[in-house]
Amino acid sequence: MSERSPAIVIIGSGFAGLGMAIQLKKNGFHDFVVLEKSEALGGTWHDNTYPGCACDVPSHMYSFSFELNPHWSRMFAPQPEIRAYMERTADKYAVRDHIRFHSHVEAMEWNDETARWTVSLADGATLTPRAIVSGIGALHIPSYPDLPGAERFRGAAFHSAEWDHDQDLTGKRVAVVGTGASAIQFVPKVAEKAERLVLFQRTPPWIQPKPDKRIPAAVRRMFATVPGAARAFRNGIYWTLEARAVGFTIDPRLSGAMRRLALHQLNKQVRDPELRAKLTPDYTIGCKRVLLSNDYYPALTRPNVTLETSAIAEVKENSIVTADGVEHEVDCIIYGTGFKVTDALSELRVTGRNGIKIQEVWADGIEAHHGTTVPHMPNFFMLLGPNTGLGHNSVVFMIEVQIQHVLGCLRLLQRRGADTIEPRPEAARRFNDRLQRRLRRAVWNEGGCHSWYLDENGVNRTLWPGHTFEFWAGSRKVREEEYLVR
């Protein structure tokens with residue numbers, strides 16, 4: 001089924017898609033639609049509803065720069081509050097009417113003759129826009145470990161991103177697989193209810209104290225009424241977070257203070273030397289994502305919690321068996337094993353100019369020009385594309401820079417009266433060669449660990465290799481000489 005199509009299709013209604021929609025309207029582009037596969041907006045902040053779910057970037061920074069929220073209740077907002085902020089923002093800027101829910105995009109194919117995309121939806125509908133902005137992000141495809149016998153387990157089993165709220169964990173024997181950013185938030189909550197909790201850890205994370213305080217009502221009133229107060233507070237947070245990038249991108253030895261802070265918390269909260277040894281990372285801090293928590297370590301010292309570091313050998317009908325032969329009887333398995341980050345992009349069904357598939361362009365690894373545009377893919381833009389993730393600051397900042405880049409491309413098309421824009425292959429090559437040279441010197445490639453930042457070849461296709469203001473300086477504006485405009 002085909003229908004009258006808008007000029008621009010945005011895919012996803014998380015921070016990326018929502019921000020793109022708002023800025024299109026503010027810049028005079030009104031002919032667009034936002035396709036959202038779920039029944040509500042919010043992206044990862046709609047999908048993730050596990051106990052304890054909250055942001056690990058300060059709330060005043062993890063929000064749009066054009067829509068400051070003086071009313072955050074805490075320094076690190078919980079999930080319901082973040083989603084409510086996104087809902088209010090969508091209504092304030094009148095973009096909700098542009099969103100089509102239950103619209104799952106299956107494929108995108110460029111038509112050289114009509115200079116339009118064909119966007120095929122799961123319900124059989126098709127749209128033929130002139131441009132596509134993918135705002136799907138990377139944290140939406142849950143990653144499950146390949147555990148022998150997992151399909152035989154008779155109890156409840158679910159991923160943290162697909163939390164089964166029908167399961168009452170009170171008095172249950174619960175297994176948690178994984179110790180990532182989500183797990184350290186929900187493990188303390190589950191430990192309070194479960195009769196017994198076994199946490200299966202492959203690699204201990206570096207964890208620092210979380211400076212999460214309730215923001216007093218008087219301070220919130222000041223942010224709301226004193227001109228510039230909220231902006232100044234946000235700027236202070238930005239530069240504080242930005243300082244962390246020095247040890248990640250310039251010299252890991254500069255992260256000594258971060259390491260000492262993490263070890264101090266570990267030594268203070270875990271008195272048992274044997275447990276403390278299991279929780280002490282043996283790799284450079286920053287190599288994997290640095291996590292923030294005040295209650296994770298105390299939860300592991302509870303008498304009903306066991307930390308298991310032996311690898312899982314097999315899952316049986318009612319138990320998990322580890323490589324050392326120990327069998328743990330459990331009623332429920334919760335997977336806190338993160339997301340398929342690089343797969344979220346590499347599995348895109350996108351066909352560009354002359355029938356070339358995006359996987360062919362990415363035969364040597366996923367990459368994009370300024371993380372946003374791809375050679376041979378006319379009028380196709382990605383927000384939070386390759387190498388735009390961060391290990392130290394807010395990705396919403398990166399999203400807003402990319403949105404300005406997309407708007408620059410659209411204005412260039414208008415100014416030239418042209419049909420298509422795509423990056424010159426040689427320009428994209430230069431950009432990514434420079435980027436990878438910097439990444440080879442960064443902690444993520446030399447820190448002695450394996451992480452979801454790296455692809456199957458050990459190449460970092462996820463993170464930006466420097467300060468965010470460097471990305472802002474180099475990517476917010478479009479250099480016409482780097483693009484083919486036809």
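What you see below is based on every heavy atom in this structure, not just the backbone, and it leaves out hydrogens, waters and symmetry mates.
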Derivation and outcome, side-chain contact (heavy atoms from CB on, under 4.5 Å), residues W45 and C53: CA-CA 9 Å; W45 294 107; C53 183; 3.9 Å; yes

Stepwise salt bridge (charged side-chain N to carboxylate O under 4.0 Å, His left out) test for E456 and R461: CA-CA 10 Å; E456 67 277 7; R461 304 291 182 180; over 6 Å; no

From CA spacing to verdict: side-chain hydrogen bond (donor to acceptor under 3.5 Å, both in side chains), Q79, H46: CA-CA 8 Å; Q79 176 266 339; H46 165 71; over 6 Å; no

Close side-chain approach of K288 to W444, heavy-atom, < 4.5 Å: no

H60 side-chain N/O to W72 backbone N/O, donor-acceptor pair under 3.5 Å: no

Any side-chain donor near an acceptor of the partner, H405 and T372, under 3.5 Å: no

Check: E422/Y483 side-chain N/O donor and acceptor closer than 3.5 Å: no

H467 side chain reached by N393 side chain, heavy atoms, under 4.5 Å: no

Contacts of type side chain to side chain donor-acceptor pair (under 3.5 Å), residue R486, not counting sequence neighbours: none

Euclidean distance, L291 CG relative to I207 CD1, rounded to 0.5 Å: 5.5 Å

Any donor-acceptor N or O pair under 3.5 Å, side chains H102, E36: no

Side-chain H-bond candidate by donor/acceptor type, Y85 with E67, under 3.5 Å: no

Side-chain donor/acceptor of R479 to backbone N/O of G474, under 3.5 Å: yes

Test item: L127 and R100 side chains (from C-beta on) under 4.5 Å apart, heavy atoms: yes

More than 12 heavy atoms from other groups under 6.0 Å of NZ on K477: no

Distance (rounded to the nearest 0.5 Å) between L199 CG and I184 CD1: 11.0 Å

Polar side chain donor-acceptor pair, W110 to D112, under 3.5 angstrom: yes

Atom of A115, atom of D419 and distance for their closest heavy-atom approach: CB-CB, 4.4 Å

Donor + acceptor pair across side chains of Y296, T179 (<3.5 Å): no

Validation row: T462, T388 side chains within 4.5 angstrom (heavy atoms): no

Distance flag, aromatic centroids of W464 and F248, threshold under 6.0 Å: no

Main-chain N/O of N460 paired with Q436 side-chain donor or acceptor, under 3.5 Å: yes

Over 12 foreign heavy atoms within 6.0 Å of NZ, K357: no

H369 side chain to E482 side chain, donor-acceptor N/O pair below 3.5 angstrom: yes

Aromatic ring pairing W163/H165, orientation class (parallel under 30°, perpendicular over 60°, tilted between): tilted

Distance flag, aromatic centroids of F397 and W472, threshold under 6.0 Å: no

Short side-chain donor-acceptor distance under 3.5 Å, N27 and R411: yes

Charged N-O contact under 4.0 Å between E87 and R83: yes

Side-chain heavy-atom pair I132, F381 within 4.5 angstrom cut-off: no

Flag side-chain contact, heavy atom, 4.5 Å: V406 against L383: yes

Side-chain heavy atoms of L484 within contact of I421, under 4.5 Å: no

S63 vs R234, side-chain contact (heavy atoms from CB on, under 4.5 Å): CA-CA, chis, key distance, verdict: CA-CA 10 Å; S63 47; R234 175 188 170 96; 3.6 Å; yes

Taking every non-hydrogen atom, the tightest pair across L407 and L24: CD2-CD2, 4.0 Å

Donor on one side chain, acceptor on other, E242 and T468, under 3.5 Å: yes

Verdict with reasoning, E400 to S65, per side-chain hydrogen bond (donor to acceptor under 3.5 Å, both in side chains): CA-CA 8 Å; E400 291 197 61; S65 64; 2.7 Å; yes

Centroid separation Y62 to F15 less than 6.0 Å: yes

Nearest-0.5 Å distance, CD1 of residue I136 to CE of residue M382: 9.0 Å

Any donor-acceptor N/O pair, N111 side chain to E113 backbone, under 3.5 Å: yes

From L147 atom CG to R152 atom CZ, the distance as rounded to the nearest 0.5 Å: 11.5 Å

R424 side-chain N/O to R429 backbone N/O, donor-acceptor pair under 3.5 Å: no

Any donor-acceptor N/O pair, K37 side chain to G12 backbone, under 3.5 Å: no

Distance-minimising heavy-atom pair for T203 and Y283: CG2-CE2, 3.4 Å

Within 6.0 Å of CG in D364, more than 12 heavy atoms from elsewhere: no

Verdict with reasoning, I22 to T89, per side-chain contact (heavy atoms from CB on, under 4.5 Å): CA-CA 9 Å; I22 292 169; T89 302; 3.6 Å; yes

Side-chain H-bond candidate by donor/acceptor type, E109 with T351, under 3.5 Å: no

Spacing of F76 atom CZ and C55 atom SG [to the nearest 0.5 Å]: 8.0 Å

Donor-acceptor contact present, side-chain S255 to main-chain I285, <3.5 Å: no

Side-chain ion pair, E308 and R202, N-O less than 4.0 Å: no

V395 vs L384, side-chain contact (heavy atoms from CB on, under 4.5 Å): CA-CA, chis, key distance, verdict: CA-CA 8 Å; V395 293; L384 285 184; 4.0 Å; yes

Any donor-acceptor pair under 3.5 Å from S59 side chain to A77 backbone: yes

Heavy-atom closest pair, residues A181 and R289: CB-NH1, 3.7 Å

Closest non-hydrogen atom pair, Y453 against G391: OH-CA, 4.5 Å

Y50 side chain reached by K189 side chain, heavy atoms, under 4.5 Å: no

Neighbour count >12 (heavy atoms, 6.0 Å) for atom CZ, R349: no

Check: H159 side chain, G338 main-chain N or O, donor-acceptor pair, under 3.5 Å: yes

Heavy-atom closest contact (P145 atom, T337 atom, distance): CD-OG1, 3.6 Å

Check: E367 side chain, W362 main-chain N or O, donor-acceptor pair, under 3.5 Å: no

Pairs touching residues 16-40 that satisfy ring-ring contact (aromatic ring centres under 6.0 Å, His included), sequence neighbours left out: F32-H98

